[in-house]
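We count ligands from 1, going down the list as the structure has it; atoms in each ligand are counted the same way. Hydrogens, waters and symmetry mates are skipped; everything else that's a heavy atom, side chains included, is used.
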Amino acid sequence: VSNRTPYRARHTQAGVALLLAAGLPLPAAGAPVHDVVLAGGRVMDPGTRLDAVRHVGIDGNRIAVVSEQALEGRTVIDASGLVVAPGFVDIHAHGQNNLANAYQARDGVTTALELEIGVAPVALWYRSRAGQALINYGAAVSHTAARTAAMLGVEKFRDVLDPGGEGLITAETAQRANHAELSPEQLEVMLAELARGLDEGALGVGLGIQYVPGARRSEIYRVFQLAARRGVPAFAHSRITAMNEPDCISALQELIADAAATGAAAHMMHINSSGIRQIPTMMEMMAGARERGIDISTDAYPYAAANTGIGSAIFDDGWQQRVGIGYGDIEWVATGERLTEESFERLRREQPWGSVIAHFMPEDMVDYAIAHPEVIIASDSGEFVDGRGHPRTAGSFSRVLGRYVRERRLLDLMEALRKMTFLPAERLAPFVPAMARKGRLQPGADADVTVFDPATVIDHATYAQPMQYSTGVMHVLVGGTFVVRDGAPVEGVFPGTAVLRASAGR
Ligand SMILES: [Zn+2]
């Protein structure tokens, strides 16, 4: 990675005219002409802590130069008054289609990875996105899917699976499989399925432990063991969301213990919802584990309500007591109505795939997680169905920049950007070398760039109206191609590329 690449020495009068029109200084005679120049913005690069007015030259899909001198380009964007930052890296994104991507791009996201639940079959999923994605994409291999496949028969599972969708696996089949223990033979089949997914380039193993109560602790330990052997992280929605014993802390202890016993890296998804009131103690425990050589991390999204399926094991008997909430805290996503005992029981029976938003997190704990220097900002985005969904899909990153940074000053702008770009990229880079070129605004880095107005950037998505674009994100480039320009979407471009592990041999 170097900034010494020879520039294509071509000149355009158009570029010069644009610079003059924008009142910007002209580049030196004989200067190279870049494909795209972001001129005179406040470049903020958390990896180097650079925070200064600079000119950014982009050639092809890479950043060629970050310069104090004016640059010449075939396309020149006047970025004065705007922040020019690395594109946001969302490591917790279930909304893996172009409808969700359109909202994510307007929120500044250039890479969205499904690492929690994961996908299966992995190669088929990557093929289904190739050449059609608005932003960069990637995924872990799904533990839930692998164990379902082991129970149903792998070939049958592969026949019926609709990549990225629910396929022909019925809610009943899934619920039964999720509550069943694997036989020793099925355990071996499951591990082989996970290994196959890793061979196909998956970024790690994704575990929704709480969603599969049939997965005993010994099974999860075997999965960590495989992850360690293959040198990939285990990303986990932990076992328990509860304030009373066994509580959230015991769920973190399982991850720390398995990471310690196997040597696998562990990532606990969404500590805001998986930690509730115990987040400070859990962050302390993670720091202590790291000091003793255990590789563990976490993320959070800036909302106090979670989103999941009404038929999921989270709502198995006793959920009110475990989480400390009641029927009225559960919102039926399709209509926005709060549920009662009657409507909850009926919908769980009749529409188990149906989506609910659960309001249960203390706001001060969400604030704590978002501001904590070790917590990666992520969205836990989902898909929009019939215009409905959780606002986090559209608004997570602008919400942090607008509300947590600008309005409430819970953290400063550079720190927030670090937690959205450099921190997640650095977390994955030891396992996924391609991530070492992301989350950076530096020569040689991928030209994934988000340009926003720090004075106005804000989310608009709400629980009542989740499909509202964020505003103030002015330009977004993915691999050097504009997907958002002048605050508006660019139609008909699909520059998103696959994020894969190099060892997959692609
Ligand atoms: Zn989760």
For this session: Classify the ring geometry between Tyr469 and Tyr103 as parallel (under 30°), tilted (30 to 60°) or perpendicular (over 60°).
Result: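 Correct class here is parallel.
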For this session: Please name all residues satisfying salt bridge (Lys or Arg N to Asp or Glu O under 4.0 Å) with Arg403, sequence neighbours left out, ordered by chain then number.
Result: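 Arg403 satisfies salt bridge (Lys or Arg N to Asp or Glu O under 4.0 Å) with Asp459 once adjacent residues are dropped.
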Exercise. Between the Zn ion (ligand 1) and His237, is there an N, O or S atom separated by less than 2.8 Å?
Worked result: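 Yes, since at least one N, O or S atom of His237 sits under 2.8 Å from the Zn ion (ligand 1).
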Exercise. Is the Zn ion (ligand 1) less than 2.8 Å from at least one N/O/S atom of Asp380?
Worked result: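 Given the 2.8 Å cut-off, Asp380 does not count as a ligand of the Zn ion (ligand 1).
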Exercise. Is the gap between the ring centers of Tyr211 and His237 under 6.0 Å?
Worked result: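 Yes, the ring centres sit under 6.0 Å apart.
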Exercise. Which angle, to 10 degrees, forms at the Zn ion (ligand 1) with NE2 of His270 on one side and OE2 of Glu116 on the other?
Worked result: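 About 100°, to the nearest ten degrees.
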Exercise. Charged N to carboxylate O under 4.0 angstrom, Arg418 versus Glu415?
Worked result: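 Glu415 and Arg418: salt-bridged.
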